[in-house]
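Residue numbers begin at 1 in each chain, while the letters A, B, ... track the order of the sequences. What you see below is based on every heavy atom in this structure, not just the backbone, and it leaves out hydrogens, waters and symmetry mates.
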Amino acid sequence: MVTRGFSSGRKPPTDTDARIPPGQYLEQGFPVLSAGPTPRVRTEDWSFTLKHGPRPIKKWNWAEFNALPLSRMTRDIHCVTAWTKFDTAWQGVLIDDILADAGIEAPTAFTLAHSFDGYATNVPAKDLVAGKAMVALLYEGKPITPDHGGPARLLVPHLYFWKSAKWLNGLQFTERDEPGFWELRGYHIYGDPWREQRYTGDP
Amino acid sequence: MSEASAAQSPWQTAKIIRIEKRTPRVTSFFFKLSRPFVHQAGQHVDVRLTAPDGYQARRSYSIASAPESGGTIELAIERLEDGEVSPFFHEVAAVGDEIELRGPLGGHFVWSDKDGGPLLLVGGGSGVVPLMAMVRHRTARKSSVPTALVFSARIWDEVIFRDELINLDDRRNGFDLVLTLTREAARRPEDYSRRIDAQMMMQSMARLPEPPRLAFVCGSNAFVSAAAQALIDADVPADLIRTERYGV
Ligand SMILES: Cc1cc2nc3c(=O)[nH]c(=O)nc-3n(C[C@H](O)[C@H](O)[C@H](O)COP(=O)(O)OP(=O)(O)OC[C@H]3O[C@@H](n4cnc5c(N)ncnc54)[C@H](O)[C@@H]3O)c2cc1C
């Protein structure tokens with residue numbers, strides 16, 4: 001339906017079209033979204049636990065985690081509130097390298113990423129491996145600020161950005177696809193921006 | 001809905017039936033829904049505008065009206081200079097226009113009288129909109145849940161819903177309004193003229209019979225960060241605080 005009197009003045013140049021998923025617009029800043037106040041997690045208190053169901057597989061403290069191989073990912077990110085930001089530059093530890101350090105391969109097809117504030121989000125294991133995702137420690141070369149999920153956040157750039165859980169403290173493999181915090185509150189179980197899977201029930 | 005495959009909140013057209021200027025920068029648009037829904041206070045809709053060449057812009061707007069308002073919803077939209085969607089509403093949209101929207105959306109920043117209280121609401125600028133829906137819901141339900149609304153605006157004339165809020169405050173039925181003006185002197189004895197801080201939060205909470213069981217904070221990102229920190233500094237447990245950030 002064409003809206004009376006609305007014109008495409010802000011339409012992005014066509015060379016960027018192919019990078020902007022449906023219903024998204026290009027943002028130069030970096031807005032912040034979260035469900036509650038920003039937790040201040042000190043690196044002394046930080047840890048990351050890998051679990052299979054209730055069973056811990058391995059736990060790293062900040063120094064141990066930072067000793068894992070560091071990789072770079074420069075990716076476009078897409079927030080469900082409709083902004084897209086190009087070429088965000090992150091450094092962190094690939095999920096592949098975390099699993100390798102624990103000496104395992106993904107034991108189930110599903111995961112829940114957990115955060116210090118109690119938030120959790122579900123991501124299929126196949127979306128985390130093969131270089132697709134990392135636990136990010138640096139943004140544009142600097143420690144990630146608490147606003148943006150520091151000290152460490154998940155980065156799964158090919159899904160809507162709420163899947164990239166802030167203030168990450170663990171990854172848990174689950175037998176079933178278990179909805180996380182936002183997924184229980186009306187947001188899509190998978191969240192592919194290219195298929196516009198914003199809300200529960202979107203195809 | 002009959003088809004299990006259909007989205008929970010499909011796009012629908014809604015007709016603008018009334019436009020009301022609230023403040024110099026905020027105007028309310030009342031929409032008649034073609035597919036009526038009942039929202040929860042605090043939820044939002046997504047609005048999408050489509051140009052003749054197919055280009056679309058989409059933004060989220062909180063619902064200002066109470067769930068009890070049946071078939072019509074009010075959106076209160078602040079005009080942002082150089083924005084894309086909000087100036088369209090202020091300059092182009094007219095009564096009778098049809099706009100596409102979907103909703104209700106969001107399941108975290110919501111309150112119903114059944115959730116109880118005491119309730120602490122903290123809003124900055126247009127961030128008061130979803131809190132207004134909560135206040136109106138409380139009134140429509142004749143709820144006695146003790147509620148304090150701390151509302152920060154730049155000046156007196158930018159206090160959105162001012163007359164309605166002051167009237168509710170005057171009823172003295174458990175709803176307390178605290179205004180804080182950041183660029184003007186306070187007008188009422190209970191009001192402040194500074195940015196929100198922990199002391200103001202403590203004094204506002206003292207108006208409630210007991211500490212709040214739920215706190216909702218909404219506004220720009222900078223406002224929400226500062227106000228949530230002020231609540232934490234005023235010893236409100238972090239897990240009682242729910243936030244909604246309008247972006248940059
Ligand atoms: C859940 C939710 C609920 C919301 N509820 C409300 C509400 O009830 N009321 C309300 O008023 N708002 C609300 N918002 C905010 C709303 O969604 C929009 O972000 C807001 O209206 C601005 O949209 P816009 O298209 O006018 O501005 P945008 O085009 O998005 O621009 C926003 C700002 O960035 C600047 N800007 C952006 N792009 C450019 C560019 N290319 N060049 C220069 N400057 C640029 C503009 O100057 C402007 O000030 C809500 C947001 C969320 C997430």
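Heavy-atom distances place the side chain of B:Gln229, and not its backbone, under 4.5 Å from chain A. Only the backbone of B:Ala93 comes within less than 4.5 Å of a heavy atom in chain A; its side chain stays farther off. Contacts of B:Arg58 with chain A are made by both backbone and side-chain atoms, with heavy-atom separations under 4.5 Å. Of the two parts of A:Ala35, the backbone and the side chain both hold a non-hydrogen atom closer than 4.5 Å to a non-hydrogen atom of chain B. Only the side chain of A:Trp182 comes within contact range of chain B, with heavy atoms under 4.5 Å apart.
Applying the salt bridge (charged side-chain N to carboxylate O under 4.0 Å, His left out) rule to pairs touching residues 234-247 of chain B yields nothing, sequence neighbours excluded.
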inquiry  = One pair to check against side chain to side chain contact (heavy atoms under 4.5 Å, CB included): B:Phe223 and B:Thr243. What are the steps and the verdict?
reply    = CA-CA 11 Å; B:Phe223 176 84; B:Thr243 61; over 6 Å; no
Could you go through the salt bridge (charged side-chain N to carboxylate O under 4.0 Å, His left out) check for A:Lys58 and A:Glu64 one step at a time? CA-CA 11 Å; A:Lys58 185 159 181 171; A:Glu64 292 160 348; over 6 Å; no
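Cation-pi geometry between B:Arg59 and A:Tyr25 is met: under 6.0 angstrom from the ring centre, within 45 degrees of the axis.
Ranking B:Val217, B:Ile232, B:Val85, B:Val92 against chain A, the residue ahead of the rest is B:Val92, based on heavy-atom pairs under 4.5 Å. Note on A:Pro37, A:Gly186, A:Ala82: by heavy-atom pairs under 4.5 Å with chain B, the leading option is A:Pro37. Across A:Asp147, A:Leu184, A:Val2, A:Thr38, the residue that shares the most heavy-atom pairs under 4.5 angstrom with chain B is A:Val2.
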Mind listing the side-chain donor-acceptor pairs of residues 121-144 of chain A below 3.5 Å, one per line with the distance, residues two or more places apart or on another chain?
unit_1: A:Thr121; atom_1: OG1; unit_2: A:Glu183; atom_2: OE2; d: 2.6
unit_1: A:Asn122; atom_1: OD1; unit_2: A:Lys163; atom_2: NZ; d: 3.1
unit_1: A:Asn122; atom_1: ND2; unit_2: A:Asp177; atom_2: OD1; d: 2.9
unit_1: A:Asn122; atom_1: ND2; unit_2: A:Ile189; atom_2: O; d: 3.3
unit_1: A:Asp127; atom_1: OD1; unit_2: A:His158; atom_2: NE2; d: 2.7
unit_1: A:Asp127; atom_1: OD1; unit_2: A:Tyr190; atom_2: OH; d: 2.7
unit_1: A:Asp127; atom_1: OD2; unit_2: A:Tyr190; atom_2: OH; d: 3.4
unit_1: A:Lys132; atom_1: NZ; unit_2: A:Lys126; atom_2: O; d: 2.7

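B:Arg138 and B:Thr147 share a donor-acceptor pair across their side chains, judged by distance under 3.5 Å alone.
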